[in-house]
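Contents: one structure, followed by commentary.
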Amino acid sequence: MQNKTNDFTKNSMAHNIMSLAIPMTVAQLINVLYSLVDRMYIGHLAQNSTLALTGLGITFPIIMLITAFTNLFGMGGAPLCSIARGRGDDKRAEKIIGNSFSMLIICSCILITIGLLAKKPLLYLFGASDETYPFANEYFSIYIWGSIFVMVGLGMNTFINAQGFAKKGMVTILIGAIINIILDPIFIFGLDLGIRGAAIATVIAQFISAMWVMRFLLSDKAIYRIKKSCMKLDFKLIKEIISLGFSGFVFATTGSFVQIVCNNVLLLWGGNIYVGIMTVLNSIRDVLQMTIEGIRSGAQPVLSYNYGARQYLRVRQGIKFLAKITLLYTSLAWCILDFFPEFFIHLFNSEEEMLLLGVPALHIYFLGFFMMAFQSTGQTTFISLGMGKFATFFSLFRKVILVIPLTIFLPNVWDLGVYGVFYAEMISNFVGGLACFSTMMMVVWRRLKKIENTEKM
């Protein structure tokens, strides 16, 4: 094994994190283009653009659920693989990759079956109306068949990144995004397939991305490869993977539930137009969030590797840098968005009503966005150091304990109406971010400092 390849105990923590974070951020931004390009084209169709965009938005909870199971084994296995690599335990690292791959295949087959059998009630549950259901159905019926490629491509790409091959991981996403961007106008407009064309283009792009990932992880270029001998399920190891990946699973699952609640409350208080506005705001948030995810993805293997190598001072240096860089980014992004809201909304839809109603909603929804830096730093630290229970709790705390009850409750008070839904997100950013970061400082920071002092004696 080339275990000294990409040794993260060398160079400064800032250098190591950014050397991975930059290509990973590019990869994350490219990844979000899969759905953003679809939304941009659909939102500018000649006929029924707003209804089509709203129908597409109704499928988001399902897409998030697929992401949730991808996170369960991708985000759960990758930190364990990095820690094992830091300790020099090559056999365990390769077994983690094999078991994660097996579980991604199994879960994707189960999700496809459930999705096809329960399609109509699911879409209505997620906020479809009689007007928007036909559009949601057209997209979902095709997209669900490609979920196996999504899970393999994104889930196993985390193991490419965990081995320090961030540029390879970036290329994985880049290939799929470029193909999607090229095929979208051909299928949507050239072949006049509309929203079905967007789904077909996305599935083809995801298939090619997945094949690229498999090609690399089966080759000698990888430090750790997918081996048939390591794919036999080890339920004790799977339990460890799930335990650590559960926070990412909960984050995406609760995000799906939040979207279901938001869609239904918005439909009740404001009608289809506000479900469409939420689709646009989620699209903007996806773009902004991807940079944070890229930085997190760069920090995770570096923190995990150094933790496994018992370099506790370097771990604290990495946490400090992570907090600073994410706070700088989220503050800058919030300011730009607050000054130019019309520009960002216009990217996805040009109808006058969407712009008129969407601008005040955007100002409220993103007011606490900079607080995501503290949530992100805390969550990344917990996951990187194998403290899955803390990461899971704070995912549940922000989404289930804060956002969902506030989304239901706030529209009924102080005449907030539909805007109560957008205030719920803002409040959860402040409370959730402070709670997560404060706990991380008390539990992790103090513990690492105490271990450092003990080892110096």
Examine distances only and state if a side-chain atom of [X] and a backbone atom of [Y] form a donor-acceptor pair shorter than 3.5 Å.
{"X": "Ser102", "Y": "Met231", "answer": "yes"}
{"X": "Thr113", "Y": "Cys109", "answer": "yes"}
{"X": "Ser219", "Y": "Phe216", "answer": "yes"}
{"X": "Asn99", "Y": "Lys232", "answer": "yes"}
{"X": "Ser428", "Y": "Leu402", "answer": "no"}
{"X": "Asn137", "Y": "Tyr133", "answer": "no"}
{"X": "Ser304", "Y": "Ser384", "answer": "yes"}
{"X": "Asn157", "Y": "Gly153", "answer": "no"}
{"X": "Thr326", "Y": "Ala323", "answer": "yes"}

- Query: Phe430 and Phe369: aromatic ring centres closer than 6.0 Å?
  - Reply: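 No; Phe369 has its ring centre 6.0 Å or more from that of Phe430.
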Decide yes or no for [X] and [Y]: does some side-chain heavy atom of the first lie under 4.5 Å from some side-chain heavy atom of the second?
{"X": "Arg285", "Y": "Met372", "value": "yes"}
{"X": "Tyr423", "Y": "Leu367", "value": "no"}
{"X": "Thr407", "Y": "Glu425", "value": "no"}
{"X": "Tyr124", "Y": "Lys120", "value": "yes"}
{"X": "Phe73", "Y": "Met103", "value": "yes"}
{"X": "Phe374", "Y": "Met440", "value": "no"}
{"X": "Val302", "Y": "Arg314", "value": "no"}
{"X": "Ile96", "Y": "Glu240", "value": "no"}

- Task: Applying side chain to side chain donor-acceptor pair (under 3.5 Å) between Arg296 and each of Thr381, Thr377, Thr380, Thr291, report the one that passes.
- Result: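 Of the listed options, the one satisfying the test is Thr380.
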Which atom of [X] lies closest to which atom of [Y], heavy atoms considered:
{"X": "Val203", "Y": "Tyr143", "answer": "CG2-CA, 4.0 Å"}
{"X": "Val315", "Y": "Leu448", "answer": "CG1-CD1, 3.7 Å"}
{"X": "Asp184", "Y": "Ala201", "answer": "OD1-CB, 3.6 Å"}
{"X": "Ile325", "Y": "Ile295", "answer": "CG2-CG2, 3.8 Å"}
{"X": "Gly77", "Y": "Ile241", "answer": "N-CG2, 3.6 Å"}
{"X": "Phe69", "Y": "Cys107", "answer": "CD2-SG, 4.1 Å"}

- Query: Where do Lys91 and Asp89 land on the side-chain contact (heavy atoms from CB on, under 4.5 Å) test, with the steps shown first?
  - Reply: CA-CA 6 Å; Lys91 184 177 179 181; Asp89 193 344; 4.2 Å; yes
- Message: Under the criterion side-chain contact (heavy atoms from CB on, under 4.5 Å), I'd like the reasoning laid out for Val152 against Ser108: C-alpha separation, chi angles, the key distance, then a yes or no.
- Response: CA-CA 9 Å; Val152 170; Ser108 63; 5.7 Å; no
Rounded to the nearest 0.5 Å, what separation is found between the [atom1] atom of [X] and the [atom2] atom of [Y]?
{"X": "Ile105", "Y": "Met156", "atom1": "CD1", "atom2": "CE", "result": "9.0 Å"}
{"X": "Met151", "Y": "Ile112", "atom1": "CE", "atom2": "CD1", "result": "9.0 Å"}
{"X": "Phe159", "Y": "Ser100", "atom1": "CZ", "atom2": "OG", "result": "3.5 Å"}
{"X": "Ile401", "Y": "Leu406", "atom1": "CD1", "atom2": "CG", "result": "11.5 Å"}
{"X": "Leu303", "Y": "Phe382", "atom1": "CG", "atom2": "CZ", "result": "12.5 Å"}

- Query: Yes or no on side-chain contact (heavy atoms from CB on, under 4.5 Å) for Phe422 and Leu281, after CA distance, side-chain angles and deciding distance?
  - Reply: CA-CA 10 Å; Phe422 305 112; Leu281 297 186; 3.6 Å; yes
- Query: Relative to the ring of Phe397, is the ring of Phe394 parallel (under 30°), tilted (30 to 60°) or perpendicular (over 60°)?
  - Reply: perpendicular
- Message: Ring-plane angle category for Phe370 and Trp334, please: parallel below 30°, perpendicular beyond 60°, tilted otherwise.
- Response: tilted
